[in-house]
Participant: 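Below is a structure I'd like to ask you about.
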Protein chains: 2
Amino acid sequence: MFSKSTEYALRAIIYLAQKSSANQKVGIAELADAIGSPRSFTAKILQNLTRDNKLINSVTGPNGGFYLTDKAKKKSLLHVLSLLEEEGIITGCILGLKECSEVNPCPMHSQYKNIKPLLLDMLDHKTINQLASEMVDPKIVIHNIKRKTNKQ
Amino acid sequence: MFSKSTEYALRAIIYLAQKSSANQKVGIAELADAIGSPRSFTAKILQNLTRDNKLINSVTGPNGGFYLTDKAKKKSLLHVLSLLEEEGIITGCILGLKECSEVNPCPMHSQYKNIKPLLLDMLDHKTINQLASEMVDPKIVIHNIKRKTNKQ
DNA sequence: CTAATTAAGGATATATTTGTCCTTAATTAT
DNA sequence: ATAATTAAGGACAAATATATCCTTAATTAG
(Lines give C-alpha, C1' and ligand atoms only; values in the text may rest on other atoms or scores of the structure.)
Protein backbone atom coordinates (compact mmCIF):
# COMPACT_ATOMS: atom_id res chain seq x y z
CA MET A 1 0.00 0.00 0.00
CA PHE A 2 2.71 2.44 1.00
CA SER A 3 6.06 2.93 -0.73
CA LYS A 4 9.22 1.39 0.70
CA SER A 5 10.32 4.83 1.89
CA THR A 6 7.11 5.31 3.79
CA GLU A 7 7.18 1.83 5.27
CA TYR A 8 10.75 2.34 6.46
CA ALA A 9 9.84 5.69 7.95
CA LEU A 10 6.88 4.30 9.88
CA ARG A 11 8.80 1.30 11.15
CA ALA A 12 11.78 3.46 12.10
CA ILE A 13 9.64 5.84 14.07
CA ILE A 14 7.91 3.09 15.98
CA TYR A 15 11.30 1.61 16.77
CA LEU A 16 12.62 4.97 17.91
CA ALA A 17 9.59 5.43 20.12
CA GLN A 18 10.38 2.15 21.78
CA LYS A 19 14.16 2.42 22.07
CA SER A 20 15.16 6.06 22.10
CA SER A 21 14.89 9.12 24.27
CA ALA A 22 16.79 12.37 24.75
CA ASN A 23 19.46 10.52 26.68
CA GLN A 24 19.32 7.22 24.81
CA LYS A 25 19.96 7.78 21.14
CA VAL A 26 19.83 5.09 18.48
CA GLY A 27 22.40 4.92 15.67
CA ILE A 28 21.44 4.34 12.09
CA ALA A 29 23.19 0.96 12.02
CA GLU A 30 21.20 -0.42 14.92
CA LEU A 31 17.99 1.11 13.65
CA ALA A 32 18.28 -0.20 10.10
CA ASP A 33 19.21 -3.66 11.32
CA ALA A 34 16.30 -3.67 13.72
CA ILE A 35 13.66 -2.80 11.17
CA GLY A 36 15.30 -4.65 8.28
CA SER A 37 15.93 -1.73 5.97
CA PRO A 38 18.92 -0.57 3.90
CA ARG A 39 21.12 1.56 6.08
CA SER A 40 22.05 4.55 3.93
CA PHE A 41 18.65 4.77 2.36
CA THR A 42 17.03 4.79 5.76
CA ALA A 43 19.45 7.50 6.85
CA LYS A 44 18.16 9.72 4.04
CA ILE A 45 14.57 9.13 5.02
CA LEU A 46 15.28 10.01 8.64
CA GLN A 47 17.19 13.12 7.59
CA ASN A 48 14.06 14.43 5.93
CA LEU A 49 12.09 13.96 9.10
CA THR A 50 14.91 15.44 11.16
CA ARG A 51 15.81 18.51 9.13
CA ASP A 52 12.67 20.38 8.19
CA ASN A 53 9.76 19.38 10.26
CA LYS A 54 11.56 18.19 13.33
CA LEU A 55 9.64 15.08 14.18
CA ILE A 56 12.91 13.30 14.80
CA ASN A 57 15.89 14.73 16.66
CA SER A 58 19.48 13.78 16.06
CA VAL A 59 22.93 14.52 17.37
CA THR A 60 26.24 13.74 15.73
CA GLY A 61 29.31 12.44 17.46
CA PRO A 62 30.00 9.68 19.95
CA ASN A 63 26.86 8.32 21.61
CA GLY A 64 24.92 10.36 19.12
CA GLY A 65 22.11 9.11 16.95
CA PHE A 66 18.41 9.62 16.46
CA TYR A 67 15.74 9.99 19.09
CA LEU A 68 12.19 11.08 19.62
CA THR A 69 11.08 13.57 22.20
CA ASP A 70 8.11 12.75 24.39
CA LYS A 71 6.14 15.23 22.37
CA ALA A 72 7.00 13.50 19.10
CA LYS A 73 6.07 10.13 20.60
CA LYS A 74 2.55 11.42 21.11
CA LYS A 75 2.00 11.94 17.39
CA SER A 76 0.11 9.41 15.29
CA LEU A 77 1.22 7.53 12.21
CA LEU A 78 -1.20 9.69 10.26
CA HIS A 79 0.77 12.71 11.37
CA VAL A 80 3.93 11.07 10.08
CA LEU A 81 2.19 10.38 6.79
CA SER A 82 1.22 14.01 6.54
CA LEU A 83 4.84 15.07 7.11
CA LEU A 84 5.85 12.70 4.32
CA GLU A 85 3.02 14.06 2.17
CA GLU A 86 1.71 10.55 1.65
CA GLU A 87 -1.80 10.99 2.99
CA GLY A 88 -3.09 10.91 -0.56
CA ILE A 89 -2.56 7.16 -0.64
CA ILE A 90 -5.50 6.92 1.74
CA THR A 91 -7.44 10.06 0.93
CA GLY A 92 -7.18 9.90 -2.86
CA CYS A 93 -9.57 8.30 -5.33
CA ILE A 94 -9.19 4.54 -5.49
CA LEU A 95 -9.35 4.64 -9.30
CA GLY A 96 -6.86 7.49 -9.46
CA LEU A 97 -9.20 10.25 -10.61
CA LYS A 98 -7.94 13.69 -9.68
CA GLU A 99 -11.40 15.19 -9.64
CA CYS A 100 -13.26 12.43 -7.84
CA SER A 101 -15.52 13.89 -5.20
CA GLU A 102 -19.02 13.85 -3.86
CA VAL A 103 -20.00 16.11 -6.76
CA ASN A 104 -18.27 14.08 -9.47
CA PRO A 105 -17.76 10.63 -8.01
CA CYS A 106 -16.10 7.67 -9.67
CA PRO A 107 -18.03 4.40 -9.73
CA MET A 108 -16.25 3.26 -6.55
CA HIS A 109 -16.62 6.50 -4.65
CA SER A 110 -19.79 5.66 -2.78
CA GLN A 111 -18.21 2.49 -1.50
CA TYR A 112 -14.74 3.75 -0.67
CA LYS A 113 -16.02 6.80 1.16
CA ASN A 114 -17.24 4.51 3.92
CA ILE A 115 -13.87 2.85 4.39
CA LYS A 116 -11.63 5.88 4.09
CA PRO A 117 -12.53 7.25 7.54
CA LEU A 118 -11.85 3.85 9.07
CA LEU A 119 -8.38 3.80 7.53
CA LEU A 120 -7.69 7.34 8.67
CA ASP A 121 -8.91 6.55 12.16
CA MET A 122 -6.76 3.43 12.26
CA LEU A 123 -3.74 5.59 11.51
CA ASP A 124 -4.73 8.36 13.86
CA HIS A 125 -6.24 6.98 17.00
CA LYS A 126 -3.09 5.56 18.54
CA THR A 127 0.08 7.44 19.34
CA ILE A 128 3.43 6.19 18.11
CA ASN A 129 4.20 5.50 21.74
CA GLN A 130 1.15 3.30 22.15
CA LEU A 131 2.13 1.31 19.08
CA ALA A 132 5.65 0.93 20.38
CA SER A 133 4.45 -0.18 23.79
CA GLU A 134 2.57 -3.05 22.18
CA MET A 135 5.94 -4.50 21.39
CA VAL A 136 6.40 -5.42 25.05
CA ASP A 137 4.62 -8.51 23.77
CA PRO A 138 7.66 -10.20 22.23
CA LYS A 139 5.68 -11.76 19.42
CA ILE A 140 4.88 -8.33 18.03
CA VAL A 141 7.69 -7.36 15.69
CA ILE A 142 8.79 -4.47 13.53
CA HIS A 143 11.49 -6.12 11.40
CA ASN A 144 11.76 -8.12 8.24
CA ILE A 145 14.14 -11.05 7.97
CA LYS A 146 17.27 -9.73 9.58
CA ARG A 147 20.12 -8.60 7.41
CA LYS A 148 23.40 -10.27 8.18
CA THR A 149 25.68 -7.97 6.21
CA ASN A 150 27.64 -5.33 8.03
CA LYS A 151 27.80 -2.98 5.12
CA GLN A 152 27.33 0.78 5.33
CA MET B 1 -3.07 3.42 -3.37
CA PHE B 2 -2.74 1.50 -6.62
CA SER B 3 -0.10 2.05 -9.29
CA LYS B 4 -0.91 4.00 -12.44
CA SER B 5 -0.98 0.76 -14.40
CA THR B 6 -3.53 -0.73 -12.08
CA GLU B 7 -5.66 2.39 -12.03
CA TYR B 8 -5.69 2.53 -15.83
CA ALA B 9 -6.59 -1.15 -15.99
CA LEU B 10 -9.51 -0.80 -13.59
CA ARG B 11 -10.85 2.31 -15.30
CA ALA B 12 -10.45 0.74 -18.74
CA ILE B 13 -12.35 -2.35 -17.73
CA ILE B 14 -15.22 -0.41 -16.26
CA TYR B 15 -15.38 1.65 -19.45
CA LEU B 16 -15.31 -1.48 -21.60
CA ALA B 17 -18.10 -2.97 -19.52
CA GLN B 18 -20.17 0.09 -20.23
CA LYS B 19 -19.36 0.62 -23.90
CA SER B 20 -18.28 -2.67 -25.45
CA SER B 21 -19.72 -6.03 -26.38
CA ALA B 22 -18.91 -8.80 -28.84
CA ASN B 23 -20.39 -6.73 -31.66
CA GLN B 24 -19.43 -3.29 -30.38
CA LYS B 25 -15.69 -3.06 -29.91
CA VAL B 26 -13.84 -0.07 -28.53
CA GLY B 27 -10.55 1.13 -30.01
CA ILE B 28 -7.59 2.09 -27.90
CA ALA B 29 -7.82 5.72 -28.98
CA GLU B 30 -11.40 6.12 -27.79
CA LEU B 31 -10.73 4.16 -24.64
CA ALA B 32 -7.62 6.05 -23.58
CA ASP B 33 -9.28 9.38 -24.28
CA ALA B 34 -12.34 8.34 -22.30
CA ILE B 35 -10.46 7.32 -19.17
CA GLY B 36 -7.73 9.95 -19.51
CA SER B 37 -4.73 7.67 -19.84
CA PRO B 38 -1.71 7.58 -22.17
CA ARG B 39 -2.67 5.66 -25.28
CA SER B 40 0.28 3.37 -25.97
CA PHE B 41 0.86 2.67 -22.32
CA THR B 42 -2.76 1.71 -21.87
CA ALA B 43 -2.50 -0.52 -24.93
CA LYS B 44 0.26 -2.49 -23.21
CA ILE B 45 -1.78 -2.89 -20.07
CA LEU B 46 -4.77 -4.16 -22.01
CA GLN B 47 -2.56 -6.54 -23.98
CA ASN B 48 -1.57 -8.25 -20.75
CA LEU B 49 -5.19 -8.77 -19.83
CA THR B 50 -6.01 -9.88 -23.35
CA ARG B 51 -3.17 -12.28 -24.05
CA ASP B 52 -2.71 -14.62 -21.13
CA ASN B 53 -5.67 -14.65 -18.89
CA LYS B 54 -8.32 -13.62 -21.32
CA LEU B 55 -10.34 -11.23 -19.29
CA ILE B 56 -10.44 -8.89 -22.25
CA ASN B 57 -11.03 -9.90 -25.85
CA SER B 58 -9.68 -8.08 -28.86
CA VAL B 59 -9.79 -8.23 -32.64
CA THR B 60 -7.54 -6.45 -35.09
CA GLY B 61 -8.62 -4.80 -38.28
CA PRO B 62 -11.38 -2.42 -39.25
CA ASN B 63 -14.11 -2.12 -36.64
CA GLY B 64 -11.85 -4.10 -34.36
CA GLY B 65 -10.88 -3.15 -30.85
CA PHE B 66 -11.31 -4.40 -27.32
CA TYR B 67 -14.42 -5.77 -25.71
CA LEU B 68 -15.64 -7.71 -22.71
CA THR B 69 -17.81 -10.79 -22.90
CA ASP B 70 -20.84 -11.02 -20.67
CA LYS B 71 -18.94 -13.53 -18.60
CA ALA B 72 -16.05 -11.12 -18.10
CA LYS B 73 -18.45 -8.34 -17.15
CA LYS B 74 -19.60 -10.44 -14.22
CA LYS B 75 -16.16 -10.48 -12.62
CA SER B 76 -15.27 -8.12 -9.79
CA LEU B 77 -12.52 -5.55 -9.56
CA LEU B 78 -10.86 -7.84 -7.03
CA HIS B 79 -10.70 -10.49 -9.73
CA VAL B 80 -8.98 -7.99 -12.01
CA LEU B 81 -6.53 -7.17 -9.24
CA SER B 82 -5.74 -10.85 -8.86
CA LEU B 83 -5.05 -11.14 -12.60
CA LEU B 84 -2.71 -8.18 -12.28
CA GLU B 85 -1.16 -9.77 -9.17
CA GLU B 86 -1.81 -6.61 -7.22
CA GLU B 87 -3.92 -8.03 -4.42
CA GLY B 88 -0.95 -7.65 -2.09
CA ILE B 89 -1.59 -3.91 -1.95
CA ILE B 90 -4.66 -4.74 0.11
CA THR B 91 -3.72 -8.05 1.66
CA GLY B 92 -0.14 -7.22 2.61
CA CYS B 93 1.15 -5.80 5.88
CA ILE B 94 0.57 -2.08 6.19
CA LEU B 95 4.11 -1.59 7.52
CA GLY B 96 5.58 -3.75 4.76
CA LEU B 97 6.64 -6.74 6.86
CA LYS B 98 6.87 -9.92 4.83
CA GLU B 99 6.24 -12.15 7.82
CA CYS B 100 3.43 -10.18 9.43
CA SER B 101 0.66 -12.54 10.51
CA GLU B 102 -1.56 -13.51 13.38
CA VAL B 103 1.42 -15.41 14.82
CA ASN B 104 3.96 -12.61 14.36
CA PRO B 105 1.97 -9.45 13.99
CA CYS B 106 3.30 -5.96 13.44
CA PRO B 107 2.08 -3.24 15.79
CA MET B 108 -0.64 -2.26 13.34
CA HIS B 109 -1.80 -5.77 12.56
CA SER B 110 -4.61 -5.99 15.08
CA GLN B 111 -6.09 -2.79 13.71
CA TYR B 112 -5.65 -3.36 10.01
CA LYS B 113 -7.02 -6.87 10.13
CA ASN B 114 -10.44 -5.40 10.80
CA ILE B 115 -10.35 -3.12 7.79
CA LYS B 116 -8.77 -5.49 5.27
CA PRO B 117 -11.94 -7.57 4.82
CA LEU B 118 -13.95 -4.41 4.25
CA LEU B 119 -11.58 -3.33 1.50
CA LEU B 120 -11.67 -6.76 -0.10
CA ASP B 121 -15.44 -6.85 0.10
CA MET B 122 -15.65 -3.39 -1.42
CA LEU B 123 -13.65 -4.67 -4.39
CA ASP B 124 -15.49 -7.95 -4.66
CA HIS B 125 -19.15 -7.48 -3.98
CA LYS B 126 -20.05 -5.66 -7.16
CA THR B 127 -19.50 -6.88 -10.70
CA ILE B 128 -17.72 -4.73 -13.24
CA ASN B 129 -21.06 -4.50 -15.01
CA GLN B 130 -22.78 -3.14 -11.90
CA LEU B 131 -20.07 -0.50 -11.53
CA ALA B 132 -20.42 0.44 -15.18
CA SER B 133 -24.19 0.67 -14.93
CA GLU B 134 -23.84 3.28 -12.20
CA MET B 135 -22.52 5.57 -14.86
CA VAL B 136 -25.99 6.00 -16.28
CA ASP B 137 -25.97 8.74 -13.72
CA PRO B 138 -24.06 11.29 -15.80
CA LYS B 139 -22.33 12.80 -12.79
CA ILE B 140 -20.48 9.56 -12.20
CA VAL B 141 -17.29 9.64 -14.24
CA ILE B 142 -14.32 7.48 -15.07
CA HIS B 143 -11.98 9.98 -16.65
CA ASN B 144 -9.41 12.49 -15.58
CA ILE B 145 -9.22 15.89 -17.26
CA LYS B 146 -9.53 15.03 -20.88
CA ARG B 147 -6.46 14.93 -23.06
CA LYS B 148 -6.64 17.18 -26.05
CA THR B 149 -3.67 15.80 -27.96
CA ASN B 150 -4.27 13.44 -30.80
CA LYS B 151 -0.99 11.64 -30.41
CA GLN B 152 -0.53 7.90 -30.63
C1' DC C 1 43.43 19.71 21.76
C1' DT C 2 43.04 15.38 19.45
C1' DA C 3 41.06 11.44 17.87
C1' DA C 4 37.09 8.87 17.42
C1' DT C 5 32.34 8.67 16.38
C1' DT C 6 28.21 9.69 14.24
C1' DA C 7 24.78 12.13 11.33
C1' DA C 8 24.48 15.33 7.12
C1' DG C 9 24.73 15.75 2.55
C1' DG C 10 26.24 15.31 -2.27
C1' DA C 11 27.10 12.43 -6.08
C1' DT C 12 26.22 8.51 -8.32
C1' DA C 13 24.29 3.90 -9.38
C1' DT C 14 20.58 0.61 -10.07
C1' DA C 15 15.89 -0.84 -10.57
C1' DT C 16 11.29 -0.10 -11.57
C1' DT C 17 7.54 2.34 -13.42
C1' DT C 18 5.69 5.00 -16.77
C1' DG C 19 5.45 6.43 -21.34
C1' DT C 20 6.54 6.72 -26.60
C1' DC C 21 7.47 5.26 -31.22
C1' DC C 22 7.86 2.23 -34.91
C1' DT C 23 7.18 -2.10 -37.32
C1' DT C 24 4.52 -6.32 -37.84
C1' DA C 25 0.59 -9.18 -38.04
C1' DA C 26 -4.19 -9.88 -38.27
C1' DT C 27 -8.61 -8.73 -39.98
C1' DT C 28 -11.98 -6.59 -42.68
C1' DA C 29 -14.32 -3.92 -46.23
C1' DT C 30 -14.40 -3.11 -50.95
C1' DA D 1 -6.56 -9.40 -54.21
C1' DT D 2 -5.85 -4.85 -52.29
C1' DA D 3 -5.91 -1.28 -49.28
C1' DA D 4 -7.27 0.37 -44.97
C1' DT D 5 -7.63 -0.35 -40.17
C1' DT D 6 -6.52 -1.93 -35.80
C1' DA D 7 -4.17 -4.55 -32.08
C1' DA D 8 0.40 -6.92 -30.99
C1' DG D 9 4.81 -6.47 -29.90
C1' DG D 10 9.61 -4.90 -29.68
C1' DA D 11 12.80 -1.32 -28.79
C1' DC D 12 13.71 2.56 -26.61
C1' DA D 13 13.19 6.88 -23.60
C1' DA D 14 12.05 9.38 -19.51
C1' DA D 15 10.81 9.75 -14.89
C1' DT D 16 10.80 8.14 -10.34
C1' DA D 17 11.99 5.15 -6.54
C1' DT D 18 15.38 2.70 -4.30
C1' DA D 19 19.98 2.12 -2.89
C1' DT D 20 25.10 2.89 -2.27
C1' DC D 21 29.37 5.31 -1.46
C1' DC D 22 32.23 8.95 -0.19
C1' DT D 23 33.33 13.31 1.95
C1' DT D 24 32.15 16.80 5.34
C1' DA D 25 30.59 18.65 9.56
C1' DA D 26 29.35 18.28 14.21
C1' DT D 27 29.98 16.46 18.67
C1' DT D 28 32.02 14.16 22.34
C1' DA D 29 35.14 11.41 25.10
C1' DG D 30 39.61 11.26 26.68
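By convention in this document, chain letters (A, B, ...) are assigned in the order of the sequence lines, proteins followed by strands, and residues within each chain are numbered from 1.
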Participant: Rounded to whole angstrom units, what separation is found between the CD atom of A:Q24 and the P atom of C:dT6?
Facilitator: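 Rounding to the nearest Å, CD of A:Q24 and P of C:dT6 are 12 Å apart.
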Participant: Taking the minimum atom-to-atom distance to the side chain of A:P62, which one of C:dG19, D:dT27, D:dT5 wins?
Facilitator: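 Nearest to the side-chain atoms of A:P62, counting from C-beta on, is D:dT27.
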Participant: Would you compute the distance between atom NZ of B:K75 and atom CD1 of B:I128 and round it to the nearest 0.5 angstrom?
Facilitator: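 Going from NZ on B:K75 over to CD1 on B:I128, the span is 9.0 Å.
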Participant: Is it the case that more than 12 heavy atoms not belonging to A:K126 sit under 6.0 Å from its NZ atom?
Facilitator: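 Correct, the count exceeds 12.
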Participant: OP1 or OP2 of D:dG9 sitting under 4.0 Å from any side-chain N/O of B:R51?
Facilitator: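 For B:R51, the contact criterion (side-chain N or O under 4.0 Å from OP1 or OP2 of D:dG9) is met.
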Participant: For the pair made of CZ in B:F66 and C1' in C:dA26, what is the distance, rounded to whole Å?
Facilitator: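 About 13 Å, once rounded to whole Å.
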Participant: Taking only the side-chain nitrogens and oxygens of B:Y8, find out if one of them lies under 4.0 Å from OP1 or OP2 of C:dT18.
Facilitator: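 So the side-chain polar atoms of B:Y8 never come under 4.0 Å of the phosphate oxygens OP1 or OP2 of C:dT18.
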Participant: Figure out the CD1/C1' separation between B:I89 and C:dT17, and round it to whole Å.
Facilitator: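 These atoms are roughly 13 Å apart.
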Participant: Return the nearest nucleotide to the side chain of B:Q47; candidates are D:dA8, D:dT18, D:dT20.
Facilitator: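 Output: D:dA8.
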Participant: Using only side-chain N and O atoms of A:T50, determine if any of them is under 4.0 Å from OP1 or OP2 of C:dA7.
Facilitator: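 So the side-chain polar atoms of A:T50 never come under 4.0 Å of the phosphate oxygens OP1 or OP2 of C:dA7.
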Participant: Of the candidate nucleotides D:dA8, C:dT20, C:dA7, which contains the atom at the shortest distance from the side chain of B:S58?
Facilitator: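 Nearest nucleotide to the side chain: D:dA8.
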Participant: Taking B:E102 first and then B:K113, would you say they form a salt bridge - that is, a charged N and a carboxylate O separated by under 4.0 Å?
Facilitator: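 Judged by the 4.0 Å cut-off on N to carboxylate O distance, B:E102 and B:K113 do form a salt bridge.
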Participant: Rounded to the nearest Å, what distance is computed from the CD1 atom of residue B:I45 to the C1' atom of nucleotide C:dT16?
Facilitator: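 That distance rounds to 14 Å.
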Participant: Test of understanding: with side chain to side chain contact (heavy atoms under 4.5 Å, CB included), list the residues that count as partners of A:N129, not counting sequence neighbours.
Facilitator: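 Expected list: A:A17, A:K73, A:T127.
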Participant: Nearest of D:dA19, C:dG19, D:dC21 to any side-chain atom of B:P38?
Facilitator: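 Comparing D:dA19, C:dG19, D:dC21 against the side chain of B:P38, the answer is C:dG19.
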Participant: Could you tell me the separation between the CZ atom of A:F41 and the P atom of D:dT18, rounded to a whole number of Å?
Facilitator: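 Interatomic distance, CZ of A:F41 to P of D:dT18: 5 Å.
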Participant: Rounded to whole angstrom units, what separation is found between the CG atom of B:L46 and the C1' atom of D:dT6?
Facilitator: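 To the nearest whole Å, that distance equals 13 Å.
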Participant: Rounding to a whole Å, what distance do you find between A:E7:CD and D:dA19:C1'?
Facilitator: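 Spelled out: CD on A:E7 to C1' on D:dA19 is 15 Å.
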Participant: For the side chain of B:K44, counting heavy atoms from C-beta on, which of C:dA7, D:dA19, D:dG10 is nearest?
Facilitator: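 Nucleotide nearest to B:K44's side chain: D:dG10.
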Participant: Between the side-chain atoms of A:T60 and the base atoms of D:dA26, is any donor-acceptor pair under 3.5 Å?
Facilitator: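 In this structure, the two groups form a donor-acceptor pair.
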Participant: Of A:K4 and B:V59, whose closest DNA chain D nucleotide lies nearer the 5' terminus?
Facilitator: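 Of the two residues, B:V59 wins.
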Participant: Using a cut-off of less than 4.0 Å, is there contact between a side-chain N or O of B:R39 and OP1 or OP2 of C:dC21?
Facilitator: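 For C:dC21, OP1/OP2 do not have a side-chain N/O of B:R39 under 4.0 Å.
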Participant: Quick one: closest heavy-atom pair of A:R39 and A:I28, and the distance?
Facilitator: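 Where A:R39 meets A:I28 most closely, the heavy atoms are O-CG1, 3.7 Å.
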Participant: May I ask you to say what A:I28 touches in the nucleic acid, namely base, sugar-phosphate or nothing, with a heavy-atom cut-off under 4.0 Å?
Facilitator: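 Counting heavy atoms under 4.0 Å across all strands, the contact made by A:I28 is with sugar-phosphate only.
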Participant: Please check the phosphate of C:dA29 (OP1 and OP2 only) for any side-chain N or O of B:N63 closer than 4.0 Å.
Facilitator: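 Yes, B:N63 has a side-chain N/O under 4.0 Å of OP1/OP2 on C:dA29.
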Participant: Looking at every strand, decide which applies to A:G61 at a 4.0 Å heavy-atom threshold: base, sugar-phosphate, or nothing.
Facilitator: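 If one applies the 4.0 Å heavy-atom cut-off, A:G61 turns out to touch a base.
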Participant: Could you tell me the separation between the OH atom of A:Y67 and the P atom of D:dT27, rounded to a whole number of Å?
Facilitator: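 One finds 11 Å between P of D:dT27 and OH of A:Y67, rounded.
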Participant: Counting only heavy atoms not in B:K116, do more than 12 sit closer than 6.0 Å to its NZ atom?
Facilitator: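 Buried by this count: over 12 neighbours within 6.0 Å.
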